[in-house]
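Notes for the one structure printed next.
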2 protein chains.
Amino acid sequence: MQEHELLPAFTAHVLSAARANNGKAPSERDLAEHFSVSRGQVREALAILESMQVIERRAKSGIYLADGHNGIAAMAFFARAGLPLENRQIYEAVEVRKIHEIKAAEMAAERATEKNFAALRDILARSEDRLAQGEGIDSLDQEFHLEIVRATQNGVFLSICTAFYEVGATRLQVYFRDPERNRKSHDEHRQIYEALLARDAALSSALMVSHLRGAMSYWTELLEPDADRPA
Amino acid sequence: MQEHELLPAFTAHVLSAARANNGKAPSERDLAEHFSVSRGQVREALAILESMQVIERRAKSGIYLADGHNGIAAMAFFARAGLPLENRQIYEAVEVRKIHEIKAAEMAAERATEKNFAALRDILARSEDRLAQGEGIDSLDQEFHLEIVRATQNGVFLSICTAFYEVGATRLQVYFRDPERNRKSHDEHRQIYEALLARDAALSSALMVSHLRGAMSYWTELLEPDADRPA
DNA sequence: TCCGCAATCTGGTCTAACCAGAATATGGTG
DNA sequence: CACCATATTCTGGTTAGACCAGATTGCGGA
């Protein structure tokens, strides 16, 4: 039951089955039979889900959905696995991500090394190529933003942001299907790069604020409205 | 091999053994024998460690220390388990935590509900009692800060901050052994509460900045200096 | 209707295998 | 002595079957 092949489907099944049964998941033996694997495999997967606080295992009773909200580890896993997240989680994640990005721009302006600048230049150059060929920016956008976080020289900060990028990865592909948006994003990236290079923390963060305003709002607009977070 | 009893010791053993062997951990069979449990138990534990990217399992070869830096999930687990973190991680975590707390104060000033205010008042009142009896603030400090994050009404934000608090929990107990610090912290808490109640975002965040300056610097000063982060 | 006991179910744990590729030891050759 | 091919051992991956004891459930009697 390696994560890369069965865990996502396994998790999806456990969750949907549990939700359809008042929060109680099928027994280990049932799950093993359903996926044609041994109980040992099932237990390994359940151990992981339990460690992420997605489920709760009660001895001699059963497997239950964890009551509290999922932590970031679970969110990142869900995103990576292509499992659905609640709208509330998306909204909140976008907000938190915004906070991080803006602060990262400020810090990066002060701490970025020549290596970071070189990496940013390389990403911008590759973006130009893509645009010249009429293609989308796609993952290069993420690379750009991630490099800025890397430029803060704070590994913990980087690992948090990486998790958030995983949450947004698939949704971003839709955004960058529009050529207009690609061009605009790229231009803004270049402006931000210039501000960072000039070590202008205030400008860097201000540019990031407006850069994110456009993309992020579109991002949350894609969500089907529900009662999660009316404000 | 429930997390609460064996996983910490198990992890500690795996890591130290691996570090003493060029990054390669003992075999599953050896680990099973060492802890007097079955291979199944060992594999469950290893699955969790692998999911947190602490280790890497290579089929038919062995178990190796993961090369990259640990994510926040691993950090929180290490902290909870009482396992040592690298100084670099502590430094970085403190910096990131600072960023979150300051932003949280700003957001909380705008979004805190009456329920949040009531909780804060309750914490302050209990702090007074503790101080009156000559006891330390201890966990009440954490409760206060966490309630502010909760007041942002952002669950994702909260789960991140919770993870960071776990990292600092033990170290904070030392800090609050000094009566003087307890009094000072409490007074600052009260000031912050007043600012929040007045919905003054700028003041709240400013007060938080100075509040954290004292505590946090002490916090990192406790670390034995090493080459991790000379700046 | 309600209570109590018995059968059943469930997670937790262990033993004993087999597989096939990786890692290593062996031995013979140039 | 150096080197390479082969045989042996080791390792993670996976399965099957079994036992335990508490939680759950269902049935039958009061």
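Model, not experiment: these values are computed from the prediction.
Between D:dT11 and B:S61, no contact under 4.0 Å exists linking OP1 or OP2 to a side-chain N or O. For the OP1/OP2 pair of C:dG12 and a distance below 4.0 Å, the side-chain nitrogens and oxygens of A:R57 include at least one atom meeting the criterion.
Place B:Y64 and A:R58 on DNA chain C by their nearest nucleotides, and A:R58 ends up nearer the 5' end. Nearest-nucleotide assignment on DNA chain D puts the 5′-proximal partner with B:S27, out of B:S27 and A:A59.
One atom, CD1 of B:I63, and another, P of D:dC10, lie 16 Å apart when rounded to the nearest Å. Atom pair A:E33:CD and C:dC9:C1' shows a separation of 15 Å (rounding to whole Å applied). Atoms CZ (B:R43) and P (D:dT14) sit 6 Å apart, rounded to a whole Å. Here D:dG12 presents its C1' atom at 16 Å from CD of B:E44, a figure rounded to the nearest Å. To the nearest angstrom, P of C:dA23 lies 14 Å from CG of B:N21.
Dense packing is recorded around CD of A:E56, with more than 12 heavy atoms of other residues, nucleotides or ligands lying under 6.0 Å away.
For the atom pair CD of A:E86 and CD of A:E92, the computed distance is 9.0 Å after rounding to the nearest 0.5 Å.
Residues B:R29 and B:E33 are not paired through a salt bridge, judged by the lack of any N-O separation under 4.0 Å between the basic side chain and the carboxylate. Ion pairing between B:E95 and B:K98 fails under the 4.0 Å rule for side-chain N and carboxylate O.
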Show me the protein contacts with nucleotides 14-19 of chain C, counting only N or O atoms at under 3.5 Å.
from   : atom 1 : to    : atom 2 : distance (Å)
C:dC14 : OP2    : B:S38 : N      : 3.1
C:dC14 : OP2    : B:S38 : OG     : 3.0
C:dC14 : OP2    : B:Q41 : NE2    : 3.3

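In this structure the side chain of B:I63 never reaches within 4.5 angstrom of the side chain of B:E50, judged on heavy atoms.
With A:T152 contributing its side chain and A:V149 its backbone, the two residues share a donor-acceptor pair below 3.5 Å.
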